[in-house]
Amino acid sequence: MNDIMELPVMEKSTLLTPSSLLHKQMVEWISVIETPVEDFVKQKEFVLSTGMGCNNDPKCLEQYTRDVIDSGASAIGFATGRYIFTIPDTIVEECERNGVVLLEVPWEVRFGDIMQEVLQAISEEKREEQRFVEHIRQEMVDCVLNGEGLKEISSLVYEHTSIPVAISDKDRNVRANHYFDRKMIDILNQNEAGAYRSVPFTQTSYLEHHYPIEKYEFDSGECYQLTILSNHKKQGYLLFKEGKGAFSASDLTILEHAVTACALFFVKENAIEMTEIRLKDNFLLDLARENKEISDGLMEKGHLLGYNLEKPYVCIAGDLQFSKEIQTHVTSIDSNVASSSMHSRNYYVQSEIQHAADQIKRERMTAFEDGRVIIFLEADKESYMETTHQFLDLVERRLHELLAGITVSWGISFHGDGVKVFYESYQEAVTALRFGYRREEAGFRTFFADTKVNRLLLSISKNEEVVDLVTYTLKDLIEYDEKRQADLLHTFMVYNKYNSNVSQTARAMNLHRQSLLHRLRNIERLTGLSLLEADDFFLLELSVRMWMLIKE
């Protein structure tokens, strides 16, 4: 109002309330309103009136004034000389009591001229404010582009608005704090006991054009929250409190620009992180898939990525499998969603691998390839099996809690002394994984060291005479299984696993004892071999195990 009173068009107007009010009242709009007022007046409005609707009734004029004051107007200007000649003292006192500026405007001064100059002044003020806010926005963006971060963004917000502000990532880890109440953050994050409730943010002039704001009330005060979004995904949160007074429109716009700058920062951070992950994945996949010399240059490259290639490592190859229901649901939605889901799963797996390695205080290197996770875990030759089991127990327990329907099958190898033998270790781990699938259902752990018999059988199976013998021995049994779905081959493998103990085998297969005995007699009849003769049993076991290896 002080700026408005300095306009040339206001020279003949008389101020009836103390001049100190001019500096306190802000004006965002000007209008001509006669009685009735109803909802035609907005907050921070300069209202002009001739008083013509009151018909020289002082009581009516007083009611009109109270209605305008109750609407939140900043100032009232009455034109005197036609319908009002003298403004009553009661109206002057009412305006002064409520802190509203009251003016007497001579009748000859046209309202149109006043409105034109005031609106021009408001427009210029808004343009100046927009230039100021735009400058701050550019400063924030430059912060991110020049390699600075969230602390600098929060500092700029406080510098230009005096609003305490804190910025956290999507996991609500506080990344920057400028005079914001840490206790409120801890209560919101449930790290400290305390009550709060969510209430509507009611500054309607802001809500008409801007982002939704969440408001929280605590015993000790209140705070507000803006969500930081990028590609419709939450990247973090911006928390803020009232500073020296109520929020102005420019304050809230600056906060929104801060949210945009934060989103840019998180996108940039994620891009850097993804680039680093890809570099690490490619480096480790090259180590595992290519038989290359571990040169000084390669070790230096590994060091730059945070890997020490001179330590002994056990190689663990894991196949990740999810229940069909989950797979079908994800792929039927959208290919992008499916890809995003796989990245999320890999992120969780990576996180739990890191957590498990930290728990047992071992270094680890991890990469993903087509649903397979490749891990090189620091281990000693004497205790690598124990270390591996301890590590995988931790990983699986946490994964089953986080990812419903996940099953992981593991192949494990510790080649030689485990030093600089990444290619060899990986090949053996994959071989162990392959043998595991031939013998067991998904979810197994197979060590390459335990596959000696299978590797021997696989080598022998290259002899044509041996293959012919196996085929001749099992021909009738295989045909019977295929025709009747009798599962006799599996029955024999379980019977052999339990050292020919009928009771244990029946329990394991959930069969009645007599049903199992009937199956065993069928095996003897179809093969012509006795399960009680050591040589016959050996030939049958050798044939079944070899057939299980070569059938794939």
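Keep in mind it's a predicted model, so treat the numbers as computed, not measured.
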**Message:** For the residue pair T65 / E94, report whether a side-chain donor-acceptor contact shorter than 3.5 Å exists.
**Reply:** no
**Message:** Tell me whether M26 at atom CE has more than 12 heavy atoms from other residues, nucleotides or ligands lying less than 6.0 Å away.
**Reply:** no
**Side-chain donor/acceptor of E378 to backbone N/O of E363, under 3.5 Å** = yes
**Request:** If the plane angle is over 60° it's perpendicular, under 30° parallel, otherwise tilted; pick one for Y313 and F422.
**Result:** tilted
**Message:** Can you tell whether the side chains of R137 and E134 come within less than 4.0 Å, N to carboxylate O?
**Reply:** yes
**Request:** Show your reasoning for whether salt bridge (charged side-chain N to carboxylate O under 4.0 Å, His left out) applies to D186 and K183.
**Result:** CA-CA 5 Å; D186 290 336; K183 185 176 180 180; over 6 Å; no
**Asked** Out of curiosity, Q235 CD to L264 CG, how far, rounded to the nearest 0.5 Å?
**Response** 11.0 Å
**Fill in**
Rounded to the nearest 0.5 angstrom, the CZ-CD1 distance for R182 and I187 is 11.5 Å
**Asked** Hey, are the side chains of E45 and S31 touching, using non-hydrogen atoms and a 4.5 Å cut-off?
**Response** yes
**Asked** With no hydrogens and no angle check, is any side-chain donor or acceptor of E222 less than 3.5 Å from a backbone partner on K215?
**Response** no
**Request:** Return yes if some donor-acceptor pair links the side-chain N/O of E117 with the main-chain N/O of I114 below 3.5 Å, else return no.
**Result:** no
**Message:** Set out, in order, the CA-CA distance, both residues' side-chain angles and the distance that settles side-chain contact (heavy atoms from CB on, under 4.5 Å) for R278 and T275, then state yes or no.
**Reply:** CA-CA 5 Å; R278 280 195 294 271; T275 301; 3.6 Å; yes
**Asked** Could you walk me through whether S13 and V109 pass the side-chain contact (heavy atoms from CB on, under 4.5 Å) check?
**Response** CA-CA 9 Å; S13 298; V109 179; 5.6 Å; no
**Item:** Interatomic spacing from CG in L239 to CG in N177 - rounded to 0.5 Å
**Value:** 9.0 Å
**Asked** Is there a side-chain contact between E369 and L285 (heavy atoms, below 4.5 Å)?
**Response** yes
**Asked** Is a salt bridge present between K280 and E276, judged by a nitrogen-to-oxygen distance below 4.0 Å?
**Response** yes
**More than 12 heavy atoms of other groups within 6.0 Å of K42 NZ** = no
**Residues, nucleotides or ligands: over 12 heavy atoms within 6.0 Å of K301 NZ** = no
Donor-acceptor pairs are to be reported for all side-chain atoms of residues 162-171 against protein atoms at under 3.5 Å, with residues two or more places apart or in another chain.
{"unit_1": "D169", "atom_1": "OD1", "unit_2": "D171", "atom_2": "N", "d": "3.0"}
{"unit_1": "D169", "atom_1": "OD1", "unit_2": "R172", "atom_2": "N", "d": "3.1"}
{"unit_1": "D169", "atom_1": "OD1", "unit_2": "N173", "atom_2": "N", "d": "2.9"}
{"unit_1": "D169", "atom_1": "OD2", "unit_2": "N173", "atom_2": "ND2", "d": "3.4"}

**Item:** Closest approach of M10 to M5 (non-hydrogen atoms, all atoms of both residues)
**Value:** CB-O, 4.0 Å
**Message:** Within the structure provided, determine whether L7 and V118 are in side-chain contact (heavy-atom separation under 4.5 Å).
**Reply:** yes
**Prompt:** Does N98 reach the main-chain N or O of V100 with its side chain, forming a donor-acceptor pair under 3.5 Å?
**Reply:** no
**Message:** Assess the residue pair I353 and I375 against the criterion (side-chain contact (heavy atoms from CB on, under 4.5 Å)); give the C-alpha distance rounded to whole Å, side-chain angles, the decisive distance to 0.1 Å, and a yes or no.
**Reply:** CA-CA 9 Å; I353 288 170; I375 307 166; 3.6 Å; yes
**Request:** State, without any angle test, whether S198 and E214 hold a side-chain donor-acceptor pair at a distance under 3.5 Å.
**Result:** no
**Prompt:** CE/M184 to CD/E217 distance, rounded to the nearest 0.5 angstrom?
**Reply:** 10.0 Å
**Request:** Could you tell me the separation between the CG atom of L238 and the CG atom of L226, rounded to the nearest 0.5 Å?
**Result:** 6.0 Å
**Prompt:** Is E128 salt-bridged to R131, going by a charged N under 4.0 Å from an acidic O?
**Reply:** yes
**Request:** Determine the minimum heavy-atom distance between E352 and L399, stating which atoms define it.
**Result:** CG-CD2, 3.9 Å
**Which atom of E34 lies closest to which atom of M52, heavy atoms considered** = OE1-N, 3.8 Å
**side chain to side chain donor-acceptor pair (under 3.5 Å) between Q321 and T407, worked out** = CA-CA 5 Å; Q321 295 175 317; T407 303; 5.5 Å; no
**Request:** Enter the distance from I91:CD1 to I84:CD1 here, rounded to the nearest 0.5 Å.
**Result:** 7.0 Å
**Message:** Suppose we screen for salt bridge (charged side-chain N to carboxylate O under 4.0 Å, His left out). Which residues come up paired with R397, at least two apart in sequence or across chains?
**Reply:** none
**Contacts of F240 that satisfy ring-ring contact (aromatic ring centres under 6.0 Å, His included) - sequence neighbours left out** = Y224, F247
**Message:** Just so I know, are the side chains of I316 and F391 near enough to count as touching, which here means a heavy-atom distance under 4.5 Å?
**Reply:** yes
**Prompt:** S49 and Y64: which non-hydrogen atoms are nearest, and at how many Å?
**Reply:** CB-OH, 3.2 Å
**Request:** May I ask you to test the V349-F368 pair for a side-chain heavy-atom distance under 4.5 Å?
**Result:** yes
**Request:** For residues K234 and L229, determine if any side-chain heavy atom of one lies less than 4.5 Å from a side-chain heavy atom of the other.
**Result:** yes
**Item:** With sequence neighbours excluded, residues passing side-chain contact (heavy atoms from CB on, under 4.5 Å) with M115
**Value:** I30, V32, L48
**Any side-chain heavy-atom pair of I213 and L252 under 4.5 Å** = yes
**Prompt:** Salt bridge or not for R175 and E269, using N-O below 4.0 Å?
**Reply:** yes
**Asked** Taking all atoms of both residues into account, what is the closest heavy-atom pair of L188 and C223, and its distance?
**Response** CD1-SG, 4.3 Å
**Request:** Could you list the residues that satisfy ring-ring contact (aromatic ring centres under 6.0 Å, His included) with Y196, not counting sequence neighbours?
**Result:** Y216, F218
**Request:** Determine whether more than 12 heavy atoms belonging to other residues, nucleotides or ligands lie under 6.0 Å from atom NE2 of H303.
**Result:** no
**Asked** Side chains of R66 and Q63: donor-acceptor distance under 3.5 Å anywhere?
**Response** yes
**Prompt:** Does the pair W410 and V373 meet the rule for a side-chain contact (heavy atoms from CB on, under 4.5 Å), with working shown?
**Reply:** CA-CA 9 Å; W410 307 99; V373 57; 4.0 Å; yes
**Message:** For the backbone of A79 and the side chain of T50, can you confirm whether one donor and one acceptor N or O come within less than 3.5 Å of each other?
**Reply:** no
**Asked** For D89, does the CG atom have more than 12 heavy-atom neighbours from other residues, nucleotides or ligands under 6.0 Å away?
**Response** no
**Item:** Validation row: F265, M140 side chains within 4.5 angstrom (heavy atoms)
**Value:** no
**Asked** Backbone N or O of E310 within a donor-acceptor pair of the N308 side chain at under 3.5 Å?
**Response** yes
**Complete:** Applying ring-ring contact (aromatic ring centres under 6.0 Å, His included) to H178 and not counting sequence neighbours gives Y158
**Request:** Return yes if some donor-acceptor pair links the side-chain N/O of H355 with the main-chain N/O of S351 below 3.5 Å, else return no.
**Result:** no
**Complete:** V27 and F46 have their tightest heavy-atom pair at CG1-CB, 3.9 Å
**Item:** Heavy atoms from other residues, nucleotides or ligands near CD of E108 exceed 12 (cutoff 6.0 Å)
**Value:** yes
**Asked** So with a 6.0 Å cut-off around CD of E125, is the heavy-atom count from everything else above 12?
**Response** no
